[in-house]
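First the structure, which I've put down as structure tokens, then a few questions once you've had a look.
Computed from a predicted model, the values in this text were never measured in an experiment. Below, each value reflects all heavy atoms present in this structure, side chains not excepted, and no hydrogens, waters or symmetry copies.
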Amino acid sequence: KLTAESDIPEHAFSDYLSQAAGPFDVLLASGSLHYWEGPIASFLDALSRRPAHVIVNRSPVHPTRPTFVTVQQRPTFAVPCMVRNRDSLIAEFAACGYDLVDRWAAPELSMTFTLFPGLSMQSYSGFYFRKRA
């Protein structure tokens, strides 16, 4: 229980990895990891220090298909995005020293491919990874 204003942990928010001043304990990548083109190791290496906890939320992750790139279209924009394979994503974090603690569906978001229904996802995904001691 927090009893005084001084007990509130410091926090900061940033739209760019290069602005993420460390050290920090928790990284929340919500609705953003699928715009990172490189491997997870390069994502974590872009930070000043790898955090103890990483939460990835609202990310299109396919349970069975290999990782692929697509175009995410909305009425006012179109951007490339990476749809990672679920097991590959977990393995990449494991190779960087993180264990999967939990995962969940983010059913408010989905991705449909009319011409390639096997690539469609009924929901986006979320993951909580904890750095090994």
Within one Ile-Leu-Val-Met-Phe-Trp-Tyr cluster: Tyr35 and Phe43, side-chain cutoff 4.5 Å =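 No, because Tyr35 and Phe43 fall into different hydrophobic clusters, even though each may have its own neighbours under 4.5 Å.
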Backbone of Asn85 reached by a side-chain donor or acceptor of Thr67 within 3.5 Å =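 Answer holds: yes.
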Say you draw a straight line from CH2 of Trp104 to CZ of Arg58; how long is it, rounded to the nearest 0.5 Å?
->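 Reported value, rounded in 0.5 Å steps: 12.5 Å.
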Can a salt bridge be assigned to the pair Arg130 and Asp99 using a cut-off of 4.0 Å between side-chain N and carboxylate O?
->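 Judged by the 4.0 Å cut-off on N to carboxylate O distance, Arg130 and Asp99 do not form a salt bridge.
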For atom CD of Glu37, decide whether the heavy atoms of other residues, nucleotides or ligands shown that lie under 6.0 angstrom number more than 12.
->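 Check fails, neighbour count at 12 or below.
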With no hydrogens and no angle check, is any side-chain donor or acceptor of Ser42 less than 3.5 Å from a backbone partner on Pro39?
->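 Yes.
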Joint cluster assignment, Leu33 & Val61, ILVMFWY side-chain distance < 4.5 Å =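 Result: yes, single cluster for both.
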Heavy-atom side-chain proximity of His34 to Arg84 below 4.5 angstrom |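 Not in contact.
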Note, Arg50 side chain near Leu27 side chain (heavy atom, < 4.5 Å) =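 Not in contact.
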Kindly check if the number of other-residue, nucleotide or ligand heavy atoms within 6.0 Å of CD (Gln122) is above 12?
->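 Open: at most 12 neighbouring heavy atoms sit under 6.0 Å from CD of Gln122.
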Kindly assign one of parallel, tilted or perpendicular to the pair Phe129 and Phe93, based on the angle between their ring planes and the thresholds 30° and 60°.
->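 It falls in the parallel class, under 30°.
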Flag the pair Asp25 / Pro51 as yes when at least one side-chain heavy-atom distance between them is below 4.5 Å, and no otherwise.
->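 Of all side-chain heavy-atom pairs linking Pro51 with Asp25, none is under 4.5 Å.
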Hey, are the side chains of Thr64 and His62 touching, using non-hydrogen atoms and a 4.5 Å cut-off?
->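 Counting from C-beta outward, Thr64 and His62 do come under 4.5 Å.
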Is there a side-chain contact between Met121 and Phe113, using heavy atoms and a 4.5 Å cut-off?
->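 Met121 reaches Phe113 side chain to side chain.
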Considering only heavy atoms from C-beta outward, does the side chain of Ile90 approach that of Arg103 to under 4.5 Å?
->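 Side-chain contact under 4.5 Å: yes.
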Residue pair Ile55 / Val26, side-chain heavy-atom distance below 4.5 Å =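 They are in side-chain contact.
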Answer whether the closest heavy-atom distance between the side chains of Leu109 and Ser123 falls below 4.5 Å.
->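 Of all side-chain heavy-atom pairs linking Ser123 with Leu109, none is under 4.5 Å.
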Verify same cluster id: Ile40, Leu100 (apolar side-chain graph, 4.5 Å) =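 In one cluster: yes.
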Any side-chain donor near an acceptor of the partner, Tyr98 and Glu92, under 3.5 Å |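 No, no side-chain donor-acceptor contact under 3.5 Å.
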